[in-house]
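Okay, so here's the structure we're looking at.
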Amino acid sequence: MKIALIGANGQLGTDINNYFKEKGLGVVGLTQEDIEVCDFNVCNEVLKKIKPDLIINTAAFHRVNLCEDEVLSSFKVNALGVKNLAKICLDLDIPLMHFSTDFVFGGDKSTPYTEGDCPKPVSLYGISKLSGEHIIQYMLSKYYLVRVCGLYGHAGPYGKGSNFVDLMIKLAKEGKDIKVVDDQVLTPTSTKDVTEKLYELIQTDKYGLYHMTNTGSCSWYEFACEIFKLAGLSPNISPTTSEEFGAKARRPRYSVLDNVNLRKIGLEDLRHWKEALEDYIKEN
Ligand SMILES: NC(=O)c1ccc[n+]([C@@H]2O[C@H](COP(=O)([O-])OP(=O)(O)OC[C@H]3O[C@@H](n4cnc5c(N)ncnc54)[C@H](OP(=O)(O)O)[C@@H]3O)[C@@H](O)[C@H]2O)c1
C-alpha cells in the first residue's frame with residue numbers, strides 16, 4: 001500500500017511515518033515545504049504525482065487560543081484544506097484518513113462521549129475542526145475520521161514548542177512553581193499507541209468515524225502529578241481553575257472519548273494512559 005502522509009514531521013506524523021515504514025508500507029512523508037493543504041493546485045499536483053492508495057492528513061491549525069483571533073487561518077487549514085484533500089481523494093477514488101479532536105464536544109457530559117454523541121464545540125478551534133469533519137462526511141464515503149485527545153509524542157507538536165509531558169518536566173527541572181488546571185478532564189494519549197492502532201485500522205477497510213484514545217481519564221493536574229511521580233521529580237505544584245488560569249479560548253470541562261466504534265469492528269481498547277505514560281518517560 002502506498003500512502004501520502006501530510007505533516008510527516010509533526011508529533012503524530014513522525015510516529016506514523018516511522019512505524020508504517022517499519023511495517024513495510026510505502027510511505028511518502030510530506031512536510032509543509034512539500035505541500036500546502038490550503039492550496040488546491042499544489043495538493044493536486046503533488047498528490048497526483050505520488051498516486052497514493054491512501055492519503056493521511058495530520059496537518060492542523062491547532063493553537064487553540066490563537067484560533068480565537070486567527071479565525072480565517074484556522075478555517076483555511078482545518079476546513080478548506082480538508083476539502084481540497086477530499087476532492088483529490090474523490091478524483092483518485094481513494095480513502096482519506098483525517099484527525100479531529102475531543103474539542104468538538106462541549107464538556108456538558110460527565111461520562112465518556114461516544115461517536116453517537118452530538119458535538120457542541122465551545123471554541124473556534126473546535127468549530128473549525130468540526131467543519132472539517134462535516135466536509136469529509138458530506139463529500140466522501142471512504143474515510144477514516146479519527147478523533148484523538150491530549151496527544152504527546154517524542155517529536156512534540158511543531159509550532160507549540162513541546163508537549164505537555166516534556167513541558168512539565170522542563171518546568172520542574174528549572175525549579176518553577178507550577179499551577180495546573182484541575183477542572184478539565186481528559187485522557188492523555190500516546191501518539192505511539194495511536195499509531196499502532198491506526199495501522200490495525202487501515203487493514204480493516206472499515207471506514208467511518210472513530211474515537212481513538214488511551215483508556216482511563218484524569219484532570220490536567222492529575223496528569224501532571226503522575227508525570228512527576230514517574231519522572232522522580234517533586235516540584236512545587238498546585239491545582240488551579242480554568243477561570244483563574246484565564247486562557248483566551250474556552251475548553252470543555254470534560255472531554256473523555258469512549259472508543260465504541262473501534263470495539264464494534266473488533267479492535268481492542270488501547271492500554272491505560274498511565275501505562276503508556278510510564279513507557280514514554282522511560283524511553284525519554
Ligand atoms: N496535539 C494534540 O493534543 C491534539 C489533540 C486532539 C486532536 N489533535 C489533532 O491531531 C492531529 C495531529 O496533531 P499533532 O499534535 O501531531 O500536530 P503537529 O505536531 O502540529 O503536526 C501538524 C503537522 O501539520 C503540518 N502542517 C500544518 N499546517 C499545514 C499546512 N497548512 N499545510 C501542510 N502541512 C501543514 C505541520 O507542518 P510544519 O511542522 O512544517 O508546520 C506539522 O508537520 C491534528 O489534526 C490535531 O488537530 C491533536
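Read the numbers this way: they start at 1 and go in the same order the structure lists the ligands and their atoms. Heavy atoms only: backbone and side chains are in, while hydrogens, waters and symmetry mates are out.
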Which ligand 1 atoms does [X] reach within 4.0 Å, using its non-hydrogen atoms?
X: L151; result: 1 (N), 2 (C), 3 (O), 4 (C), 10 (O), 48 (C)
X: L12; result: 16 (O)
X: S100; result: 7 (C)
X: A60; result: 27 (C), 44 (C), 45 (O), 46 (C), 47 (O)
X: I35; result: 32 (N), 33 (C)

With respect to [atom], which of [options] exhibits the smallest heavy-atom separation?
atom: atom 11 (C) of ligand 1; options: Y152, F99, F164; value: F99
atom: atom 35 (C) of ligand 1; options: A59, S128, C43, S73; value: A59
atom: atom 19 (O) of ligand 1; options: H98, Q11, H62, R147; value: Q11
atom: atom 8 (N) of ligand 1; options: N84, V42, V148; value: V148
atom: atom 5 (C) of ligand 1; options: G150, G132, G13; value: G150

Hey, is D279 close enough to K192 for a salt bridge, meaning N to O under 4.0 Å?
-> no
Got a salt bridge between K274 and E278, using NZ or NE/NH1/NH2 to carboxylate O under 4.0 Å?
-> no
No-hydrogen, no-angle side-chain donor-acceptor test under 3.5 Å, [X] and [Y]:
X: D34; Y: T31; value: yes
X: E133; Y: Q137; value: no
X: D269; Y: T215; value: no
X: Y280; Y: D166; value: yes
X: S128; Y: N78; value: yes
X: D102; Y: Y254; value: no
X: Q184; Y: S242; value: yes

So which bit of Y125 gets within less than 4.0 Å of ligand 1, heavy atoms only: side chain, backbone, both or neither?
->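 It is the side chain that gets close, since no backbone atom is under 4.0 Å.
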Which bit of E36 gets closer than 4.0 Å to ligand 1, counting heavy atoms only: side chain, backbone, both or neither?
-> both
Looking at ligand 1, does any of its N/O atoms fall within less than 3.5 Å of an N/O of [X]?
X: C38; answer: no
X: I6; answer: no
X: K129; answer: yes
X: Q32; answer: yes
X: G10; answer: yes
X: V37; answer: yes

Is K129 close enough and on-axis enough to Y125, meaning under 6.0 Å and within 45°, for cation-pi?
-> no
Verdict with supporting geometry, D205 and K142, salt bridge (Lys or Arg N to Asp or Glu O under 4.0 Å) = CA-CA 9 Å; D205 285 343; K142 293 200 279 190; over 6 Å; no
